[in-house]
Amino acid sequence: MACSKPVFRMEGWEAREPASRSAPRPEGGGDQARSMRRARAQVRDLALCNPFTHFVTLTLDQAKVDRYDMGAITRKLNAWLSNQVQRRGLCYVLVPERHQDGAIHFHGFFNNALERTDSGTMIPPDGGRPKKPRSRAQRAAWAAEGGRVVWNLPGWSLGFTTALELVGEYSRAVSYVCKYIGKQGDKPGGRWYYSGGDLARPVVELAPLDWRELAAQEGARVFHVPEAGAVFVSLWEPLQSGGEGGI
């Protein structure tokens, strides 16, 4: 990433003109909004630095855990995740979301560490909600035309699951998951997201780049930020194994 203004600085150096504490905050500011933006950036970094293979949805069975009690959910969720990390090498990023009735479920990414079983349903070639093919012939036709199997994860012991292999543009899948952070304006259980396993994280290096030269590169994205009076340019390379995907 490069910027048209010197906004990046090495650790230990202070800004030439620090922002005034009394300066008015931009619309949408505040501690909650800043926390949400940081969480989205952190989830994006983790997702782009790791070759996740599946988009997963985890729901909760009320008979096994009170799906309205975030404290009870977190205790059991953390125990299950820790077990899967240690025994199977799971790597994950999960974002909690509330149903309209207040029940919690999770969306996110897993690596290819857990056993999968065919749910019997597929995403049809034209997209939409999962459906059960009427016959083997229709299932074969859907598969040939780009339909995708919806998998279950039998190792999830707290409720029900779906898992979709990531295909298409991986960055779109990342953006899709990031949208769940703060979607309903709150932070369920005091956490925006959960992550764990042997996760790679961004390595940051500063370099004297000219933003115009970076913007001329194929695949560069240019963002004009009038509030800052600056132009930002980002350029990234997709992951080579398992990372080329969308939902």
Search all heavy atoms of [X] against all heavy atoms of [Y] and return the closest pair with its distance.
| X | Y | value |
| --- | --- | --- |
| Ser195 | Val93 | CB-CG2, 4.2 Å |
| Ala220 | Ala215 | CB-O, 3.8 Å |
| Ile123 | Pro130 | CD1-CG, 3.7 Å |

Working to the nearest 0.5 angstrom, can you tell me the gap between [X] [atom1] and [Y] [atom2]?
| X | Y | atom1 | atom2 | result |
| --- | --- | --- | --- | --- |
| Arg37 | Cys178 | CZ | SG | 14.0 Å |
| Leu235 | Leu209 | CG | CG | 10.0 Å |
| Arg67 | His105 | CZ | NE2 | 11.0 Å |
| Leu206 | Phe8 | CG | CZ | 8.5 Å |
| Glu97 | Thr59 | CD | OG1 | 12.5 Å |
| Arg40 | Met36 | CZ | CE | 4.5 Å |

Name all pairs fulfilling the salt bridge (Lys or Arg N to Asp or Glu O under 4.0 Å) condition that reach into [range], sequence neighbours left out, sorted by first residue then second.
| range | value |
| --- | --- |
| residues 68-93 | none |
| residues 193-214 | Asp210-Arg212 |
| residues 111-134 | Arg116-Glu165, Asp118-Arg139 |

Applying side-chain hydrogen bond (donor to acceptor under 3.5 Å, both in side chains), can you list everything that pairs with [X], at least two apart in sequence or on another chain?
| X | answer |
| --- | --- |
| Thr121 | Ser119 |
| Arg44 | Ser175 |
| Gln62 | Asp66 |
| Gln86 | Ser82 |

Side chains of [X] and [Y] in contact at under 4.5 Å (non-hydrogen atoms):
| X | Y | answer |
| --- | --- | --- |
| Lys187 | Ser35 | yes |
| Pro133 | Met122 | yes |
| Thr161 | Thr57 | no |
| Leu166 | Thr53 | no |
| Asn112 | His54 | yes |
| Phe232 | Arg221 | no |
| Arg98 | Pro188 | yes |

request  = Apply side chain to side chain contact (heavy atoms under 4.5 Å, CB included) to Ala200 and list each qualifying residue two or more places apart in sequence or on a separate chain.
outcome  =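 Side chain to side chain contact (heavy atoms under 4.5 Å, CB included) list for Ala200, sorted by chain: Cys49, Asn50.
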remark   = Sorted by chain and number, sequence neighbours left out, side chain to side chain contact (heavy atoms under 4.5 Å, CB included) with Ala228 holds for Val225, Ala230
Is it true that [X] and [Y] fall in one hydrophobic cluster, defined by side-chain heavy atoms closer than 4.5 Å?
| X | Y | value |
| --- | --- | --- |
| Val174 | Tyr176 | yes |
| Leu46 | Leu48 | yes |
| Val150 | Phe160 | no |

query = Got a sec, which hydrophobics cluster with Val56, joining ILVMFWY side chains under 4.5 Å apart, including via others?
reply =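 In the cluster with Val56 are Leu58, Leu60, Val65, Met70, Ile73, Leu77, Trp80, Leu81, Val85, Leu90, Tyr92, Leu94, Ile104, Phe106, Phe110, Leu114, Leu153, Trp156, Leu158, Tyr194.
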Hydrophobic cluster (4.5 angstrom, side-chain heavy atoms) - remaining members for Val203 =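 Reading the cluster by chain and number, Val203 sits alone, since nothing else belongs.
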inquiry  = What verdict does the side chain to side chain contact (heavy atoms under 4.5 Å, CB included) test give for Val233 and Met1, after you've listed the backbone C-alpha separation in whole Å, the side-chain angles of each residue and the deciding distance to 0.1 Å?
reply    = CA-CA 5 Å; Val233 183; Met1 175 174 287; over 6 Å; no
Donor-acceptor contact below 3.5 Å, side chain Asp45 vs main chain Pro202 = no
task = Mind jotting down which residue pairs meet the ring pair (Phe, Tyr, Trp, His ring centres under 6.0 Å) criterion with at least one end in residues 202-230? Sequence neighbours excluded, please.
result =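 Those involving residues 202-230 do not exist here.
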inquiry  = Can you tell me how the ring of Phe109 sits relative to the ring of Phe52, calling it parallel under 30°, perpendicular over 60° and tilted otherwise?
reply    = parallel
